[in-house]
Visitor: 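Quick one: the structure is below, and I'll ask about it shortly.
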Amino acid sequence: DVNFYIGLIIVPLFWLALYTLTGTYKKIYRKARLKELGQTLGISILGVIILFFTLILDDRITDYRKYYEALSILFLFHFTLTYFFRLIITTHTVRRIHKKIIGFNTLLIGNQSNAFKIYQDIENEHISSGNKFVGYITLNHQSTHPNLENLLPCLGSYEQLEKIIKQYQIEEVIIAPEKDEHELIDKLLTVIEKNDIIIKVIPELQHFLMGSIKTSSILYTPLIVISPNLMPIWQQVIKRLFDIILSLLAIIILLPVYIFTAIGVKLSSYGKILYAQERIGLHGKPFKMYKFRSMYSDAEKMGPCLSSKNDPRITSFGKYMRKVRLDETPQFFNVLIGNMSLVGPRPERQYFIDQIIVKAPHYRLLSKIKPGITSWGQVKFGYAENVDEMIERLKFDLLYMDNMTLATDIKILLYTLIIIIQGRGK
């Protein structure tokens with residue numbers, strides 16, 4: 001039967017796609033057996049239900065006992081076969097971590113008694129948690145705890161943190177400050193969180209009382225874990241698929257608009273139709289962002305400058321484009337390439353980022369997420385005309401980071417559409 005051979009191809013691809021969407025193949029060395037059991041069980045139930053209703057269910061058959069039997073056999077076969085081999089692989093991996101054969105490059109931040117104590121606790125664990133200490137950095141200019149100095153190399157001070165993370169390929173950071181060093185934690189988190197790094201902080205008594213300490217193992221040293229993932233992995237995958245599909249649709253639908261806008265730009269003033277400008281994206285990596293040119297060609301002959309409400313550098317057609325956001329439409333190509341997302345903080349130039357960071361160091365946190373065509377800040381605040389306004393808009397972008405979901409993205413896109421229809425862009 002032809003359907004049988006089609007099924008042999010489609011069904012395995014379906015399971016592969018489902019496990020990919022739910023993040024099963026991410027961070028494979030950090031799998032816990034109990035968590036793996038729960039994930040495999042949940043995904044197996046979901047997948048079997050989907051296959052049952054799409055491939056097996058047939059209204060012409062009235063004996064539903066056969067359906068229940070087929071459903072049960074399919075579930076048991078898939079779950080047992082899948083989890084059996086995963087259990088073997090995960091158990092083998094966990095044992096290698098426990099025996100320190102596999103380890104995660106770990107940086108200890110702190111150089112006094114707390115840092116020494118947490119290092120000792122982790123190193124003396126009966127079963128290793130996988131932390132492979134490459135060294136420590138100092139939080140002050142006082143002398144280091146003598147025992148710590150003899151056990152670990154000093155890699156520098158907290159001012160050199162970003163450089164050290166890249167140089168030593170750090171995967172985990174453990175922060176162990178003294179009481180008089182807690183004001184530095186915000187600065188440290190700002191630098192660390194823009195990297196895909198697991199952050200652990202030593203707890204104090206109030207953290208135990210508030211129940212903020214979460215750990216998956218009884219035997220490991222209790223630490224507060226700050227997860228680097230802002231969205232569940234399955235939502236991240238769907239967000240990217242969402243970006244690709246909507247960008248492709250937008251490019252096809254807007255083709256006549258592109259032609260109209262290109263003619264308008266060409267007739268409005270001398271110069272190129274498209275304007276490419278270097279912006280800073282995910283993890284601080286620069287990329288070229290594309291826009292329809294809304295200013296005269298020599299607009300920045302005196303250096304980088306933000307646009308204002310009655311900016312004489314903007315052409316008459318450029319003012320119209322900005323109101324209905326036509327100048328931003330080439331950025332759908334940036335989304336398709338993967339430099340940008342539909343929703344995310346607006347990308348800025350390094351020139352202005354350097355100025356923002358002086359007043360608001362936590363701006364660095366935005367580099368954890370992909371910049372977007374529209375954002376919470378764009379909807380609530382609009383375009384910024386100076387660095388102070390950029391900082392004012394920053395609170396909305398940080399709010400988006402704390403509330404990143406697919407539902408939030410859809411709301412922002414809908415509000416953006418309303419602003420475009422009403423011509424309220426600036």
Side-chain angles (χ1 to χ4, degrees), residues 26-30 96-97 100-112 114-116 118-123 128-178 181 183-202 221 223-230 278-287 339 347 350-351 353-354 356-358 361-371:
K26 293 275 187 177
K27 296 186 177 179
I28 55 172
Y29 290 115
R30 295 186 183 274
R96 286 167 65 86
I97 291 170
K100 297 187 177 182
I101 298 169
I102 296 174
F104 313 110
N105 285 356
T106 304
L107 176 68
L108 181 62
I109 299 181
N111 58 308
Q112 298 296 310
N114 279 343
F116 172 66
I118 205 69
Y119 170 75
Q120 229 180 6
D121 287 347
I122 292 172
E123 285 295 294
S128 174
S129 54
N131 292 110
K132 179 183 173 184
F133 286 98
V134 297
Y136 71 91
I137 63 172
T138 59
L139 279 175
N140 54 49
H141 299 290
Q142 297 175 14
S143 58
T144 300
H145 192 287
N147 292 331
L148 182 65
E149 198 173 28
N150 295 329
L151 293 169
L152 275 178
C154 179
L155 305 180
S157 66
Y158 74 91
E159 291 95 345
Q160 302 163 301
L161 179 57
E162 194 162 7
K163 179 186 173 184
I164 291 167
I165 286 172
K166 290 177 182 176
Q167 184 179 346
Y168 292 92
Q169 298 180 326
I170 301 299
E171 296 172 77
E172 283 193 25
V173 161
I174 296 175
I175 306 174
E178 302 297 317
E181 297 170 339
E183 71 277 1
L184 293 173
I185 290 180
D186 284 345
K187 290 182 181 178
L188 295 170
L189 291 178
T190 298
V191 175
I192 301 165
E193 282 193 325
K194 74 176 189 177
N195 299 283
D196 188 20
I197 290 174
I198 291 173
I199 307 166
K200 296 177 181 177
V201 183
I202 60 167
T221 304
L223 292 165
I224 298 172
V225 180
I226 303 172
S227 174
N229 292 324
L230 296 168
E278 188 177 272
R279 299 289 177 105
I280 304 301
L282 185 65
H283 303 316
K285 293 178 181 177
F287 71 96
N339 295 325
Q350 191 65 56
Y351 176 83
I353 290 173
D354 292 339
I356 295 167
I357 287 171
V358 173
H362 44 284
Y363 180 87
R364 289 191 184 97
L365 294 176
L366 295 186
S367 66
K368 284 183 70 177
I369 54 179
K370 203 176 282 188

Visitor: So, taking the atom named NZ in Lys370 and the one named NZ in Lys285, what distance separates them when rounded to the nearest 0.5 Å?
Guide: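 The NZ atom of Lys370 sits 10.5 Å away from the NZ atom of Lys285.
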Visitor: With rounding to the nearest 0.5 angstrom, report the CZ to CD1 distance, Phe287 to Ile280.
Guide: 8.5 Å
Visitor: Taking atom CG of Leu155 and atom OG1 of Thr138, what is their separation to the nearest 0.5 Å?
Guide: 10.0 Å
Visitor: Between Leu108 and Leu148, is the side chain to side chain contact (heavy atoms under 4.5 Å, CB included) condition met? List the steps.
Guide: CA-CA 11 Å; Leu108 181 62; Leu148 182 65; 4.0 Å; yes
Visitor: Measure the spacing between CG of Leu151 and OH of Tyr136 and express it to the nearest 0.5 Å.
Guide: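 These two atoms lie 10.0 Å from each other.
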Visitor: Please identify each residue that fulfils side-chain hydrogen bond (donor to acceptor under 3.5 Å, both in side chains) with Asp354, with sequence neighbours left out.
Guide: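 Asp354 satisfies side-chain hydrogen bond (donor to acceptor under 3.5 Å, both in side chains) with Gln350 only.
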Visitor: Measure the spacing between CD of Gln160 and CD1 of Ile137 and express it to the nearest 0.5 Å.
Guide: 8.5 Å
Visitor: Return the minimal non-hydrogen interatomic distance between Ile357 and Arg364, and the atom names on each side.
Guide: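 Looking at all heavy atoms of both residues, the closest pair is CG2-NH2, 3.3 Å.
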Visitor: Sort out for me which residue in Ile97, Ile197, Ile170, Ile198 forms a side-chain contact (heavy atoms from CB on, under 4.5 Å) with Phe104.
Guide: Ile97
Visitor: Does any part of the side chain of Val134, heavy atoms only, come nearer than 4.5 Å to the side chain of Ile164, both counted from C-beta?
Guide: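 No. Closest side-chain heavy atoms not under 4.5 Å.
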Visitor: Measure up the Phe133 and Tyr119 rings against each other and bin them: parallel (under 30°), tilted (30 to 60°), perpendicular (over 60°).
Guide: perpendicular
Visitor: So, does His145 use its side chain to make a donor-acceptor pair with the main chain of Asn147 at under 3.5 Å?
Guide: yes
Visitor: Return the CG to CD1 distance between Asn105 and Ile165, rounded to the nearest 0.5 Å.
Guide: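 That separation rounds to 12.0 Å.
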Visitor: Report the C-alpha distance between Lys200 and Thr106 in whole Å, list the side-chain angles of each, state the deciding distance to 0.1 Å, and finish with yes or no for side chain to side chain contact (heavy atoms under 4.5 Å, CB included).
Guide: CA-CA 10 Å; Lys200 296 177 181 177; Thr106 304; over 6 Å; no
